[in-house]
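For reference, the structure discussed in these notes is given below.
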Amino acid sequence: MIHELDIKELANLATLRDVLRRVSQNGEQYIIKENDRADAVLIPLRDLEDLKRRQEIKQRAWDDLLANMREVHALNAEFSAEEVEADVDAAIQEVRRARKRQ
C-alpha cells in the first residue's frame with residue numbers, strides 16, 4: 001500500500017523514525033507531499049534495487065536491439081530498401097504457408 005504524508009509530519013522525529021521503520025521493515029511506501037504536491041517518495045531499499053535491476057535489463061535489451069539493427073543494416077547495405085522489403089514480404093508469406101500446412 002502506498003501512503004501519502006505531508007512533509008510537515010516528518011518534522012516530528014518520532015514520526016520520522018516510525019515512517020522509516022515501516023518502510024524498511026514492512027516494505028511500506030510513502031509519497032511525501034508539500035502543499036498538496038507530490039515531491040518525493042520513500043521506498044524500501046530492496047524496491048530501489050529492483051527498479052535499478054529492471055532498468056539495467058531494459059537498457060541491455062535496447063542495446064542488443066540497436067546492435068542487431070545495425071548488424072542487419074550493414075548486412076543489407078548493398079541492397080535497396082525495395083529489395084529488402086520484397087525479401088521480408090516473401091519470408092512472411094513463406095511462414096504463413098508453412099503454418100497452413102501444419
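One-based numbering along the sequence shown.
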Distance from Leu65 atom CG to Met69 atom CE, nearest 0.5 Å?
-> 5.5 Å
Do other residues, nucleotides or ligands put more than 12 heavy atoms under 6.0 Å from Arg99 CZ?
-> no
Working for side-chain contact (heavy atoms from CB on, under 4.5 Å), residues Val23 and Tyr30 = CA-CA 8 Å; Val23 169; Tyr30 286 84; 3.6 Å; yes
Measure from the side-chain N and O atoms of Asn35 to the backbone N and O of Arg37, and report whether any donor-acceptor pair falls under 3.5 Å.
-> no
Flag yes if more than 12 heavy atoms outside Glu83 fall under 6.0 Å of its CD atom; otherwise flag no.
-> yes
Joint hydrophobic cluster, Leu48 plus Leu42, side-chain heavy atoms closer than 4.5 Å | no
Residues, nucleotides or ligands: over 12 heavy atoms within 6.0 Å of Gln25 CD = yes
Between Asp89 and Gln93, does any side-chain donor sit less than 3.5 Å from a side-chain acceptor?
-> no
Report yes or no: do Ile7 and Leu16 belong to one cluster of Ile/Leu/Val/Met/Phe/Trp/Tyr joined by side chain heavy-atom distances under 4.5 Å?
-> yes
Mind running side-chain contact (heavy atoms from CB on, under 4.5 Å) on Glu56 and Arg54 for me, showing each step along the way?
-> CA-CA 5 Å; Glu56 289 169 359; Arg54 290 176 189 217; over 6 Å; no
Verify, without hydrogens or angle tests, whether Glu9 (side chain) and Asp6 (backbone) share a donor-acceptor contact under 3.5 angstrom.
-> yes
Could you give the distance from CG (Asn26) to CE (Met1), rounded to the nearest 0.5 Å?
-> 13.0 Å
Transitive ILVMFWY side-chain link Val72 to Phe79, under 4.5 Å | no
Evaluate the criterion side-chain contact (heavy atoms from CB on, under 4.5 Å) for residue pair Arg97 and Glu94; output intermediate values, then yes/no.
-> CA-CA 5 Å; Arg97 282 191 298 274; Glu94 186 177 326; 3.9 Å; yes
Consider only side-chain heavy atoms of I, L, V, M, F, W and Y, link residues closer than 4.5 Å, and tell whether Leu20 and Leu10 are in one cluster.
-> yes
Crowded around Arg21 CZ? As in, over 12 foreign heavy atoms under 6.0 Å?
-> yes
Between the NZ atom in Lys52 and the CG atom in Leu45, the distance rounded to the nearest 0.5 Å is 7.5 Å
Kindly compute the distance separating CG (Asp64) from CD (Glu71), expressed to the nearest 0.5 Å.
-> 11.5 Å
Rounded to the nearest 0.5 Å, what's the gap from CG on Asp63 to CG on Asn68? Could you check?
-> 11.0 Å
Are Val19 and Val41 joined in one hydrophobic group, where the rule is that I, L, V, M, F, W and Y side chains link up if heavy atoms are under 4.5 Å apart?
-> no
Mind checking whether Ile32 and Asp39 have side chains closer than 4.5 Å, heavy atoms only?
-> no
Is the shortest heavy-atom distance from the side chain of Gln29 to the side chain of Pro44 under 4.5 Å?
-> yes
Basic-acidic side-chain contact under 4.0 Å: Asp50, Arg53 = yes
